[in-house]
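If you read the sequence from its start, that first residue is 1, and numbering goes on from there. We count ligands from 1, going down the list as the structure has it; atoms in each ligand are counted the same way.
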Amino acid sequence: MRLVLASASPARLSVLRAAGTSPLVSVSQVDEDAILAELGPDVAHEDAVAALARAKARDVVERIRAEEPLPGRAVVIGCDSMLSIDGELVGKPHTPEVAAARWRAMRGRTGRLLTGHCAILLDDGAVAGESGGTGSTTLRFGAPSEEEIDAYVATGEPLQVAGAFTLDGLGGWFVEGIDGDPSSVIGISLPLTRHLLGELGVSPVALWPDRV
Ligand SMILES: Nc1nc2c(ncn2[C@H]2C[C@H](O)[C@@H](COP(=O)(O)OP(=O)(O)OP(=O)(O)O)O2)c(=O)[nH]1
């Protein structure tokens with residue numbers, strides 16, 4: 001069975017490859033800001049990332065169906081990660097100034113990294129099912145010094161990751177504790193994805209190599 005990762009995220013791809021799958025990658029083209037604006041400021045944070053993941057997966061499904069229908073059965077998975085902290089839902093900082101400000105605000109505090117997931121089953125190009133859910137992992141942030149924050153921001157790593165930190169990279173020095181699924185923080189929750197695949201009648205075993 002083919003697996004399509006509807007994401008440009010190298011982290012998600014590496015998690016899935018390390019977990020025995022060989023996804024095709026098809027990057028979605030959705031306007032995340034427009035979707036969040038349409039959801040409005042009162043949307044539950046878990047629902048916001050679930051809606052973004054759903055939009056990404058559906059966007060890629062439409063492209064596959066229009067341009068290159070996959071024969072047989074395939075699963076398309078979309079994800080979206082954001083940090084819920086002190087009542088705010090934040091994504092990637094994009095700039096050094098925002099990354100540094102985020103770290104000054106979150107050091108010593110606790111936040112939840114939320115990752116929305118959507119899995120869509122295709123059977124000879126037709127949608128045969130969809131499942132979705134949000135993984136939530138609680139993180140206790142350390143207290144990097146001003147010098148450490150400046151040095152971390154200068155590496156560029158925090159600029160392009162949700163919440164301005166990584167668990168498995170340089171950011172790991174500044175994460176004191178985690179409660180929940182680490183793969184969800186890195187970009188895709190393997191246990192949650194297994195449950196979502198299960199709702200579609202698929203086991204991750206079917207995605208391992210040399211499996212029909
Ligand atoms: N390696 C690593 N990456 C992380 C971590 N936390 C967040 N990220 C990355 C994963 C995603 O690439 C990114 C979250 O942004 P998005 O969910 O919008 O995905 P992205 O824009 O990368 O790709 P996509 O929208 O799915 O095409 O942050 C972490 O702890 N480790």
Side-chain angles (χ1 to χ4, degrees), residues 3-19 23-37 39 45-64 75-85 89-95 98-99 102-103 106 110-120 132-142 144 152-153 155-190 192-193 196:
L3 173 63
V4 179
L5 175 60
S7 176
S9 170
R12 292 192 177 114
L13 184 57
S14 66
V15 169
L16 287 172
R17 281 179 171 162
L24 293 171
V25 173
S26 180
V27 180
S28 67
Q29 309 295 330
V30 301
D31 182 340
E32 297 183 40
D33 292 337
I35 293 170
L36 288 173
L39 289 170
H45 291 176
E46 293 80 354
D47 295 343
V49 293
L52 288 168
R54 187 165 53 243
K56 292 177 185 181
R58 289 180 178 174
D59 177 71
V60 167
V61 163
E62 284 319 304
R63 183 161 347 113
I64 289 172
V75 175
V76 178
I77 294 181
C79 295
D80 189 81
S81 300
M82 296 182 83
L83 178 67
S84 176
I85 186 164
L89 186 63
V90 294
K92 304 175 192 175
H94 294 300
T95 69
V98 172
R102 286 263 185 85
W103 265 103
M106 72 192 195
T110 296
R112 291 183 306 139
L113 198 293
L114 304 175
T115 297
H117 298 64
C118 179
I120 299 177
T134 296
S136 174
T137 307
T138 300
L139 295 137
R140 232 171 351 97
F141 295 106
Y152 183 42
V153 169
T155 70
E157 180 187 272
L159 276 58
Q160 295 308 326
V161 290
F165 77 98
T166 63
L167 196 57
D168 56 330
L170 294 170
W173 293 99
F174 311 121
V175 176
E176 294 287 339
I178 173 171
D179 179 10
D181 170 21
S183 60
S184 186
V185 178
I186 296 169
I188 180 167
S189 170
L190 293 172
L192 175 56
T193 301
L196 297 180

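Put simply, the side chain of Leu13 reaches to within 4.5 Å of the side chain of Leu5, judged on heavy atoms. Within the 4.5 Å cutoff, the side chain of Val30 has no heavy atoms near those of the Leu52 side chain.
Listed by atom number, the atoms of ligand 1 under 4.0 Å from Phe165 heavy atoms are 5 (C), 6 (N). Residue Ala11 has at least one heavy-atom neighbour below 4.0 Å for each of these atoms of ligand 1: 1 (N), 2 (C), 3 (N).
Closest heavy-atom approach to atom 30 (O) of ligand 1 within the set Ile186, Val161, Leu167: this belongs to Leu167. Looking at Gln29, Glu32, Lys92, Arg12 and measuring to atom 21 (O) of ligand 1, the nearest heavy atom belongs to Lys92. Checking Gly169, Ala162, Ala6 against atom 14 (C) of ligand 1, the nearest heavy atom belongs to Ala162. Nearest to atom 7 (C) of ligand 1 by heavy atom, out of Leu114, Thr166, Val185, is Val185.
No donor-acceptor contact under 3.5 angstrom links the side chains of Arg112 and Thr138, judged on distance only. Using a 3.5 Å distance cut-off with no hydrogens or angles, the side chains of Thr166 and Glu157 do pair a donor with an acceptor.
The single protein non-hydrogen atom nearest to atom 25 (O) of ligand 1 is Lys56 NZ, 2.7 Å, given as residue, atom name and distance. Scanning all protein heavy atoms for the shortest distance to atom 31 (N) of ligand 1 gives Asp168 OD1, 2.6 Å.
Backbone and side-chain nitrogen or oxygen atoms of Val27 are examined, and none is located within less than 3.5 angstrom of a nitrogen or oxygen of ligand 1.
Between Phe165 and Phe174, the gap from one ring centroid to the other reaches at least 6.0 Å.
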